[in-house]
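Just the heavy atoms: all of them, side chains too, but no hydrogens, waters or symmetry mates, feed the values below.
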Amino acid sequence: MSGSFPASTRRWVERARSLGFEPDVHVFADGTKTAAAAAHAIGCDVSAIVKSLVFDVDGTPTISLVPGDRRLDPTLLAAAAGGEGVHRSTIETVRRATGYVAGGTPPFGHATPIAVFADDALRRHDIVWGACGTPTTVFPISIADLDRLARPNWSTLSRSA
């Protein structure tokens with residue numbers, strides 16, 4: 001079955017399995033690039049979507065895991081990361097740092113070690129949904145597994161959208 005997934009999703013599935021996680025990958029041909037599109041396709045609340053956002057903090061790429069119904073506040077990310085300058089990473093930086101495209105970046109299983117920060121508001125749900133390598137593939141994960149696998153620094157990173 002996994003042979004029918006895009007190559008980047010197959011690569012992520014292998015990384016997830018190597019970490020002891022067996023993902024339940026769902027494919028949506030029309031795409032799940034935005035949180036609203038993902039929630040609609042899955043049939044869940046937009047707040048249960050994990051946006052994996054790559055931002056540079058003082059020149060170093062980091063990932064912020066933020067619920068789909070909230071907006072990352074760069075000032076809060078800077079404070080959580082102990083940095084000062086924060087800006088959205090370029091598409092090239094996202095791919096180089098994570099191994100995946102923007103819009104399909106998973107919350108863990110990246111190409112290189114990268115600092116991960118997670119917004120406390122994700123804990124409103126027991127199960128959340130993240131991208132797994134492409135804008136057309138997603139998977140559910142418990143907050144406990146997300147914490148174990150992404151090993152994020154939890155803090156308040158967002159404001160209402």
Side-chain angles (χ1 to χ4, degrees), residues 2 5-19 21 23-42 44 46-57 59-74 76-78 80-81 83 86-119 121-122 125 127-143 145-155 157-158 161:
S2 65
F5 297 145
S8 58
T9 298
R10 289 193 311 267
R11 186 174 66 248
W12 178 80
V13 166
E14 289 307 313
R15 287 182 181 155
R17 287 176 176 159
S18 75
L19 296 170
F21 181 73
D24 177 18
V25 177
H26 296 249
V27 179
F28 296 98
D30 291 336
T32 56
K33 192 167 184 178
T34 67
H40 178 57
I42 294 163
C44 70
V46 71
S47 63
I49 301 299
V50 178
K51 298 186 293 189
S52 298
L53 307 173
V54 183
F55 275 73
D56 290 348
V57 178
T60 301
T62 64
I63 293 185
S64 296
L65 306 178
V66 178
D69 66 332
R70 307 211 24 114
R71 295 183 69 97
L72 176 71
D73 182 324
L76 294 174
L77 173 59
V86 176
H87 65 276
R88 186 178 281 279
S89 297
T90 65
I91 290 172
E92 296 80 21
T93 298
V94 171
R95 186 181 296 270
R96 186 177 64 253
T98 69
Y100 302 97
V101 297
T105 305
F108 65 90
H110 307 112
T112 61
I114 186 169
V116 179
F117 296 85
D119 189 75
L122 283 169
H125 298 278
I127 303 292
V128 293
W129 291 76
C132 49
T134 73
T136 61
T137 54
V138 295
F139 72 104
I141 188 169
S142 70
I143 288 295
D145 280 338
L146 180 68
D147 188 46
R148 176 178 64 86
L149 296 164
R151 304 184 69 174
N153 176 338
W154 290 91
S155 61
L157 300 175
S158 69

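Ala97 approaches Ile114 most closely through the heavy-atom pair CB-CD1, 4.1 Å. Here the closest non-hydrogen pair linking Val57 and Gly83 is CG1-CA, 3.9 Å. Minimum interatomic distance between Ala131 and Pro107 (heavy atoms only, all atoms of both residues): O-CD, 3.7 Å. Across every non-hydrogen atom of Gly68 and Ala35, the tightest pair is CA-CB, 3.6 Å. In terms of heavy-atom proximity, Tyr100 sits nearest to Ser8 at CE2-O, 3.4 Å.
Close placement of the Phe139 and Trp12 rings is indicated, their centers lying within 6.0 Å of each other.
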Handout entry: Test side-chain contact (heavy atoms from CB on, under 4.5 Å) applied to Val25 and Phe5, step by step
Key = CA-CA 9 Å; Val25 177; Phe5 297 145; 3.6 Å; yes
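The shortest distance between side-chain heavy atoms of Val101 and Arg95 falls below 4.5 Å. Residues Thr98 and Thr112 have side chains not in contact (no heavy-atom distance under 4.5 Å, counting atoms from C-beta outward). When side chains are defined from C-beta on, Pro67 does not count as touching Lys51, because their heavy atoms never get closer than 4.5 Å. For the pair Asp24/Pro140, a side-chain contact is recorded, criterion being any heavy-atom separation below 4.5 Å from C-beta on. Val128 has its side chain out of reach of Ile49: every pair of non-hydrogen atoms, C-beta onward, lies at least 4.5 Å apart. Proximity of Thr93 to Arg96: side-chain heavy atoms (C-beta onward) are separated by under 4.5 Å at one or more points.
Checking side-chain atoms of His110 against main-chain N and O of Pro106 turns up a donor-acceptor pair under 3.5 Å. Listed for the Ser89 side chain is no donor-acceptor partner under 3.5 Å among the backbone atoms of Val94. Put simply, the side chain of Arg70 gets close to the backbone of Ser158: a donor and an acceptor are under 3.5 Å apart. Counting only distance, with no hydrogens or angles, the side chain of Thr62 and the backbone of Ala115 share no donor-acceptor pair below 3.5 Å. Although no hydrogens or angles enter the test, the distance criterion places no donor-acceptor pair under 3.5 Å between the side chain of Thr60 and the main chain of Asp56. Panel note: side chain Arg88, backbone Phe55; no donor-acceptor pair is recorded below 3.5 Å. Checked by atom type and distance alone, the side chain of Asp119 pairs as donor or acceptor with a backbone atom of Leu157 at under 3.5 Å.
Around atom CD1 of Ile127, more than 12 heavy atoms belonging to other residues, nucleotides or ligands sit under 6.0 Å away. Taking a 6.0 Å sphere around CZ of Arg11, one finds it holds more than 12 heavy atoms contributed by other residues, nucleotides or ligands. Within a 6.0 Å sphere centred on CZ of Arg148, other residues, nucleotides and ligands contribute more than 12 heavy atoms.
Going from atom CZ of Arg151 over to atom CG of Leu19 covers 10.5 Å, rounded to the nearest 0.5 Å. With rounding to the nearest 0.5 angstrom, the CZ atom of Arg71 is 13.5 Å from the CG atom of Leu76. To the nearest 0.5 Å, the span separating CZ on Phe28 from OG1 on Thr136 amounts to 10.0 Å.
Between Phe21 and Phe108, the ring planes lie perpendicular to each other; the angle is over 60°, past the 30° to 60° tilted range.
For Arg17 and Glu14, the salt-bridge test passes: some basic side-chain N is under 4.0 Å from an acidic carboxylate O.
Side-chain atoms of Thr9 and Thr137 include a donor-acceptor pair closer than 3.5 Å.
In summary, of the residues considered (Val86, Leu65, Leu53), a side-chain contact (heavy atoms from CB on, under 4.5 Å) with Leu72 occurs for Leu53 alone. For the side-chain contact (heavy atoms from CB on, under 4.5 Å) test with Ile141, the passing option among Asp147, Val50, Leu149 is Leu149; the others fail.
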